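Following: one structure in structure tokens, then a few remarks.
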Amino acid sequence: MSEATVHLGSGKVRELYALDAERLLLVASDRISTFDVVLPTPIPDKGRVLTGLSAFWFARTRGIAPNHLLALRDDGRSLECRRLEMLPVEIVVRGYLAGSGWKDYTATGQVCGHTLPAGLREADRLPEPIVTPATKAETGHDLNIGEDEAARICGHERYAAARDAALDLYRFGEEHAARRGIIVADTKFELGVDQEGAVVLGDEALTPDSSRFWPLDGYEPGRGQPSFDKQFVRDWCEETGWDKTPPGPELPQEVVDGTRGRYVEAFERLTGLPFARYLEDPSTVL
Ligand code: Q0N
């Protein structure tokens, strides 16, 4: 990495640096988290898979919404990005009934203020995708809020632009992925505002870390679906009897290898490119 690169912060699995007044560097590590805990064992190339997928989507969705991508670095795990003023809410789009959405629906028939038809089963596809904004709570956990509250926080016009962009991006990604055997059950977008006041897509987009990916093969509503990428890790962690508080367990080699294979498979299915070609020349995804 270059000269005066200032570290701005760490996410669970990514690092953020300032390059200059206008540009940031987002670096994806090979760390993996499960049940909200970062495990001590990395998954080789996971950061490259996520960065390559984000860059792929950014390049293909420019016409749907502008995004912060300036350059994909030759290391395959770093994105140079435009600095934005980030909106203080995350935009979650859900096309299927899973996770907290399914929980809320069973209790109230609603998901974050959206009334849904009666009789839906766990993992069912929704009649239309819905937007369920969230804020970062003090604990670092996401707190679901209504769209009305998100509009008050962001400003009504900015929120409407962010919501419309998020819905269009999800519809594009979900359709593309389904044709390649992956269900994008839901996904989280982070958007910001640029110097000209335009609402711009930031962060990562439509990756397995920011989304729920399910294999289309074997999809069966009425039960929880296996995670496309993390199921081996979750299953193995459950078998060990780990109580899901830090520190997490070291993963055995077969779980590391199986999980790396799933990330690479997601990359190859979605991009249509051999991952080996990405490693030789990351710009092949652009
Ligand atoms: C920004 N976050 C939260 C890396 C990701 N383009 C941007 N301009 C200004 N700020 C941000 C971005 C972006 N993307 C986004 N923090 C600052 C997500 N981070 C968490 C840490 O890991």
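Order of listing sets the numbers, starting from 1, for every ligand and every atom in it. Everything numeric here is computed off the predicted structure, so don't read it as measured data.
- Side-chain N/O atoms of T207 and S210 include a donor and acceptor closer than 3.5 Å.
- Of the candidates M86, E204, R14, K12, the one placing a heavy atom closest to atom 10 (N) of ligand 1 is M86.
- Protein heavy atom nearest atom 3 (C) of ligand 1, with residue, atom name and distance: E190 OE1, 3.6 Å.
- Annotation: H68 places an N or O atom under 3.5 Å from an N or O atom of ligand 1; distance criterion only.
- Which parts of ligand 1 touch R83 is read off a 4.0 Å heavy-atom cut-off, strictly below it: atoms 8 (N).
- Under the 30°/60° scheme for interplanar angles, the aromatic rings of Y96 and Y219 are found to stand perpendicular.
- A donor-acceptor pair under 3.5 Å is absent between the side-chain atoms of H68 and the main chain of L201, judged by distance alone.
- Regarding atom 9 (C) of ligand 1, its nearest protein heavy-atom neighbour is L84 O, 3.0 Å.
- With T106 contributing its side chain and K103 its backbone, the two residues share a donor-acceptor pair below 3.5 Å.
- Looking from atom 21 (C) of ligand 1 to the surrounding protein, the closest heavy atom is G11 N, 3.3 Å.
- Of the candidates K188, R14, K46, K12, K46 is the only one forming a salt bridge (charged side-chain N to carboxylate O under 4.0 Å, His left out) with D209.
- Between Y17 and H7, the two ring planes are tilted [angle within 30° to 60°].
- Taking all heavy atoms of L191, D203, V13 into account, the minimum distance to atom 19 (N) of ligand 1 is reached by D203.
- In terms of protein heavy-atom proximity, atom 7 (C) of ligand 1 is nearest to L24 CD1, 3.4 Å.
- Counting heavy atoms under 4.0 Å from ligand 1, residue L16 touches it through the side chain alone.
- With respect to atom 4 (C) of ligand 1, the closest heavy atom belonging to the protein is L26 CD2, 3.3 Å.
- Heavy atoms of E85 found under 4.0 angstrom from ligand 1: none, in either backbone or side chain.
- Taking the ring pair (Phe, Tyr, Trp, His ring centres under 6.0 Å) definition, one finds that F56 meets it with H176, sequence neighbours left out.
- With respect to the salt-bridge test (charged N to carboxylate O, under 4.0 angstrom), the residues E80 and R23 qualify.
- If you look at L8 next to ligand 1, there are no close heavy atoms at all, none under 4.0 Å.
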